[in-house]
Amino acid sequence: MQGLAAGATEGVSELGLAVSPEGGALVAFTADGAVGVSERAPGQASFASLGPVAGVAPESGPGDRATDGAPAVALRDGGTALVAWRGTTLAGGREIDDEVHAIVRTGRGAFGAPQMLDAGASRPDFSSTGDESFITVDDPHNPTENDDLGLRAALADDGRFVLAWRRDIYGATPRVRTATRRPDGSVQLRELGSPCRPPAGVAAVLRADGPAVVFADDAVARVSIDGPPFHGGRLHTLSADELLTVPAAAPAPKVHAILKATQRLRYGQKLRIPIACDSACDVRVEVPAPRTHGGSLDKAADADGITAQAGYATWVTLDPGTGTLVDPRRHGVPLHFTACSPDGTSATTTTVVQPARQVPPRTGPMPLDLRARRAGGRILVTWRIARPLGRVAFDVTGLNRGIDGLTDVIATTVPGRRRARFSATLRPKRPALVTLVSVEGRTLEPPFRGGEGTALLPPRGH
């Protein structure tokens, strides 16, 4: 590809390409925080640079700026074209994410000045706040961030366009964001989807009646007390005219949690809670983690929707991973519910506490009387623990105590159950290099507590 950056191609990181029906091509790329554009006219073999474009619009104010992801590019017969990109601004010590900018032209010739279509959102400063992290509902259908959620563009011959992208909101469910250009040149911003269901993919398309956006929300699992589980996602298509009209909000549903008697919860133990809505709804559930555990609001963005029908109870499963759901300050599990109307236009929130007590974690195994000796090409290791325990394991590692610290040579794992004495045999390829043996014990259930012991191994011949 020729003439992309007029001598400044080394910093190119992301490319966007569009080809018109008549054979023209337009390439936009990001390089060192700016955007460059090159074009190949119909019938030509090479690209001509149109020069760099400022990474952000002048009216966005001072600050360090960077571009995020590949630009979105659209090109029509006759030269009508659009280039859009996302950016980040650092101003006043705060990051402003998800700014969206664009340049447009109608017909051939020069592009207009860059326009800021969306001013983005400020990133919270987690380092100076006591914000809580979140443990979210257990749902195998939670989508991960992928290429189907980047900036997308569709452009009509008259210059009308639709841009669509995923907006990540800190502490909330991601949403689909759109910018739709009217015939008079003004732009309408919309936020689509539901606060209870993260988007699984977004696309901008050109139809016979003009540009449109297509997006899908995630497929969620519904487990009804009165029926079998099923999965269901939703596909939505909105034309440019529909995107220019903001619909009235639907009645907001209310969710009720059916709390249980005081629960005794272990580390890593899941909690199942039945819920019910007074009308059809989607529900998002979050469990604020105890502040003593640290963390940030980022995990809340992964919360999934649980679909419920009026008059039916639905089970919600909460999974703490290897941590705990219990907040001792609240004497239970705090449950923050967001109930959304099926069309996502309205939502209500409520917080309740499921009474619960934390089961103290099991004592972990601490290796005692650790001994290691050479036996030909093998290294024999023995140790004991103070008393027999349940499901435990020991990682036995032969190390070399070198000038630059300890370097792993060979390792093995020894399982143990209801016994107090253990042994292991290491068979390193070069036994003489092993000068230290480490044994680390741990339980086989959260929070995987245990201890470590080491034994020096005399050199061979001593």
Side-chain angles (χ1 to χ4, degrees), residues 132 134-143 169 171-176 190-200 215-236 238 245-263 270-288 299-319 325 327 330-356:
E132 297 173 331
F134 286 89
I135 301 163
T136 57
V137 298
D138 178 25
D139 191 330
H141 300 279
N142 181 36
I169 305 170
T173 302
R175 304 291 291 276
V176 171
R190 284 279 304 277
E191 197 165 71
L192 308 178
S194 169
C196 295
R197 297 169 71 109
F215 72 97
D217 53 29
D218 69 318
V220 297
R222 182 175 79 174
V223 183
S224 172
I225 294 175
D226 301 310
F230 74 96
H231 306 100
R234 296 179 294 201
L235 187 67
H236 311 265
L238 288 89
T245 303
V246 180
K254 294 182 180 179
V255 62
H256 308 277
I258 305 170
L259 299 180
K260 305 176 182 180
T262 300
Q263 304 289 294
K270 298 180 181 181
L271 175 66
R272 297 187 73 212
I273 294 288
I275 62 170
C277 285
D278 60 357
S279 61
C281 68
D282 292 334
V283 179
R284 174 173 145 226
V285 189
E286 297 169 346
V287 179
K299 292 182 181 179
D302 295 331
D304 289 326
I306 303 299
T307 301
Q309 292 179 334
Y312 290 88
T314 299
W315 287 101
V316 175
T317 301
L318 301 166
D319 183 2
L325 292 169
D327 187 338
R330 303 185 186 183
H331 306 288
V333 180
L335 305 169
H336 182 72
F337 292 97
T338 302
C340 306
S341 60
D343 63 3
T345 58
S346 65
T348 58
T349 61
T350 185
T351 299
V352 298
V353 177
Q354 164 62 55

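Note that the numbering runs from 1 along the sequence shown for the chain. On a predicted model such as this, the values are computed, not experimentally measured, just so you know.
A donor-acceptor pair under 3.5 Å is absent between the side-chain atoms of Thr262 and the main chain of Pro355, judged by distance alone. Of the possible polar contacts, one joining the Thr348 side chain to the Pro253 backbone as a donor-acceptor pair under 3.5 Å is found.
Closest approach of Ser341 and Pro251 over heavy atoms only: CB-O, 4.0 Å. For Gly332 against Pro334, the heavy-atom pair with the smallest separation is O-CD, 3.4 Å. Among all heavy-atom pairs drawn from Val176 and Pro199, the shortest one is CG2-CB, 3.6 Å. Closest approach of Ala250 to Thr345, counting heavy atoms only: N-OG1, 2.9 Å. The heavy-atom pair separating Lys260 from Gln354 by the smallest distance is N-OE1, 2.9 Å. Looking at every heavy atom in both residues, Asp282 comes nearest to Ser194 through OD2-OG, 4.4 Å.
Taken from CZ in Arg190 to CZ in Arg175, the straight-line distance is 10.0 Å, to the nearest 0.5 Å. The OG1 atom of Thr351 lies 9.0 Å from the CZ atom of Phe337; values are rounded to the nearest 0.5 Å. The distance from the CD1 atom of Ile275 to the CG atom of Leu335 is 10.0 Å, given to the nearest 0.5 Å. In this structure, CG in Asp278 is found 5.0 Å from NE2 in His256, a value given to the nearest 0.5 Å. From Phe215, atom CZ reaches atom CG of Leu192 across 5.0 Å, with rounding to the nearest 0.5 Å.
Across the pair Cys340 and Cys196, the gap between the SG atoms, which is the quantity tested here, stays under 2.5 Å.
Proximity of Leu318 to Leu325: side-chain heavy atoms (C-beta onward) are separated by under 4.5 Å at one or more points. Val333 has its side chain out of reach of Ile273: every pair of non-hydrogen atoms, C-beta onward, lies at least 4.5 Å apart. Looking at Val353 and His331, their side chains never come closer than 4.5 Å, going by heavy atoms from C-beta outward.
Counting non-hydrogen atoms of other residues, nucleotides and ligands closer than 6.0 Å to NZ of Lys254 gives a total of 12 or fewer.
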